[in-house]
Undergrad: 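One structure coming up, written as structure tokens, with questions to follow.
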Amino acid sequence: MPAVMRAISQRTLGGPEVLEIVEVERPEPGPSEVLVRVHAAGVNPTDRWHRSTGGLLSDGPVPLGWDVSGVIEAVGLGVTMYRPGDEVFGMPRLPQPAGAYAEFMTSPARHLARKPAGLSHVEAAALPVAALTAWQSLVDTAEVRPGQRVLIHAAAGGVGHLAVQIAKARGAYVIGTASAPAHDFVRGLGADEVVDYRATAFEKAVAEVDVVLDTVGGEYGPRSLDVLRPGGVLVSLASPAEAYLTDVAERRGLRAGFTIVEPDAGGLKEIGALVDSGLLRVHVEAVLPLEEAAKAHAMGEVGGARGKVVLTVG
């Protein structure tokens, strides 16, 4: 293995233009860690947020990239789950820095899972952050059950398009909000209804919902409370500021809260099982080489993209 590697770095916080390709020392796996040769890295809103703000834990630049798919190159002390040559995917360390925008990265062994055999590395790298976000929100937090009515905002987006499929796999009746050009795409994912949020206020078109997944934020949070039936649940992903909705919801006999996705090998295995059974597929909107990370970030900031953007490495 080379002693140095290519990676995306930045000297200052800022827009996509601050990202640059550099050569840095290849990391070594510590106890309970593995070294992954990165084949592909997904691009997520949290990447862009960390690029411009430093994130929750820093006021300066941090190594970017949490979605990864690749091959185990070496294992650290105490690792028995994997051997060199194993194909894995996952979301290491979030919200701590991970550094998937590189030729190699280290990860706690239990932050990864074996890559579904039917997925390419590009497809697998598009899954972890978005799919775990949807899984933890709908399954672990909201406990979606068969027959429930689930409303998913931005149903054509990175999290949304996977959330539609996960809710359907749980036996729910799924309603999505999306712009008119994306309606066929969202219906193709299994949504039972699609609301054009540009033409219709969703709270006038939807009622008696058991669960709302809000990936938009702002006024969508309080408006979503209006469509919930008694005992309903609102899960917000947009901003910690949405935490105020918890008290508002409780006074109305509802439940609401803001959630942050966590590394979750068990959830990755469940997601992989859905992929293997044909109940979950990821839509990759664009694939770019690592050197074009800045372009990938710029694409995401335009908004309205379907599915995910992925960087290929090597």
Side-chain angles (χ1 to χ4, degrees), residues 45 127 129-178 182-183 185-197 200-262 264 266-267 270-271 273-274 279-280 282:
L127 272 173
V129 170
L132 282 175
T133 298
W135 180 269
Q136 291 172 9
S137 298
L138 296 175
V139 179
D140 296 340
T141 300
E143 299 179 331
V144 170
R145 301 184 299 277
Q148 287 190 317
R149 289 168 57 84
V150 176
L151 172 62
I152 296 168
H153 290 306
V159 173
H161 87 289
L162 297 170
V164 167
Q165 298 172 76
I166 290 171
K168 286 302 296 182
R170 304 287 290 182
Y173 182 93
V174 178
I175 307 162
T177 63
H183 282 203
F185 173 69
V186 175
R187 288 193 181 96
L189 300 169
D192 299 284
E193 295 181 34
V194 189
V195 176
D196 182 356
Y197 67 91
T200 306
F202 68 84
E203 66 270 28
K204 295 182 179 179
V206 181
E208 295 296 303
V209 170
D210 297 285
V211 176
V212 178
L213 180 61
D214 176 19
T215 66
V216 180
E219 64 178 12
Y220 268 58
R223 288 168 59 194
S224 293
L225 293 179
D226 292 336
V227 308
L228 286 169
R229 58 171 42 126
V233 181
L234 166 64
V235 181
S236 174
L237 308 175
S239 166
E242 305 300 310
Y244 82 95
L245 291 172
T246 299
D247 294 336
V248 177
E250 286 180 355
R251 291 195 293 268
R252 297 172 59 174
L254 307 170
R255 183 160 62 95
F258 170 73
T259 186
I260 298 176
V261 66
E262 304 174 58
D264 181 2
E270 296 284 358
I271 289 162
L274 288 180
L279 296 176
L280 184 68
V282 63

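Values below: all heavy atoms of this structure, side chains included; hydrogens, waters and symmetry mates excluded. Numbers for residues simply follow the sequence, beginning at 1.
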Undergrad: Salt-bridge test for K168 and D192: reply yes if a basic N is under 4.0 Å from a carboxylate O, no otherwise.
TA: yes
Undergrad: Assert yes or no for the condition that the ring centre distance of Y197 to H153 is strictly below 6.0 Å.
TA: no
Undergrad: Are any of the side-chain heavy atoms of Q165 and L279 separated by less than 4.5 Å?
TA: no
Undergrad: To the nearest 0.5 Å, what is the distance between CD1 on I260 and CD on Q136?
TA: 11.0 Å
Undergrad: Rounded to the nearest 0.5 Å, how far does CD of E270 lie from CG of L132?
TA: 11.0 Å
Undergrad: I need the minimum non-hydrogen distance between A130 and G158, along with the two atoms involved.
TA: CB-O, 3.5 Å
Undergrad: Could you state the interatomic distance from CG (L213) to CD1 (I166), rounded to the nearest 0.5 Å?
TA: 9.5 Å
Undergrad: Do the side chains of R251 and D247 get nearer than 4.5 Å, heavy atoms only?
TA: yes
Undergrad: Say whether, by atom type as modelled, one donor and one acceptor occur between the side chain of D226 and the main chain of E203 under 3.5 angstrom.
TA: no
Undergrad: To the nearest 0.5 angstrom, please state how far the CZ atom of F202 sits from the CG atom of D196.
TA: 13.5 Å
Undergrad: Is the backbone N or O of E143 less than 3.5 Å from a side-chain atom of R170, with the two atoms forming a donor-acceptor pair by type?
TA: no
Undergrad: Would you check if L162 and L127 make a side-chain contact, meaning some heavy-atom pair closer than 4.5 Å?
TA: yes
Undergrad: Taking C-beta and beyond as the side chain, do I152 and I175 meet within less than 4.5 Å on heavy atoms?
TA: no
Undergrad: Evaluate the side chain to side chain contact (heavy atoms under 4.5 Å, CB included) criterion for residues V150 and V209: first the C-alpha distance (whole Å), next the side-chain angles of each, then the deciding distance (0.1 Å), finally the verdict.
TA: CA-CA 6 Å; V150 176; V209 170; 5.8 Å; no
Undergrad: For the residue pair D214 and G221, what are the closest heavy atoms and their distance?
TA: OD2-N, 3.6 Å
Undergrad: Do L237 and V159 make a side-chain contact, defined as non-hydrogen atoms from C-beta onward lying under 4.5 Å apart?
TA: yes
Undergrad: Can you name the nearest heavy-atom pair linking V211 to Q148, along with the distance?
TA: CG2-OE1, 4.2 Å
Undergrad: Is there a side-chain contact between L280 and I271 (heavy atoms, below 4.5 Å)?
TA: yes
Undergrad: Quick check: do L228 and V212 have side-chain heavy atoms less than 4.5 Å from each other?
TA: yes
Undergrad: What heavy-atom pair brings L254 and P230 nearest, and what distance separates the two atoms?
TA: CD2-CA, 4.1 Å
Undergrad: Could you tell me whether the side chain of V186 reaches within less than 4.5 Å of the side chain of H161, counting heavy atoms only?
TA: no
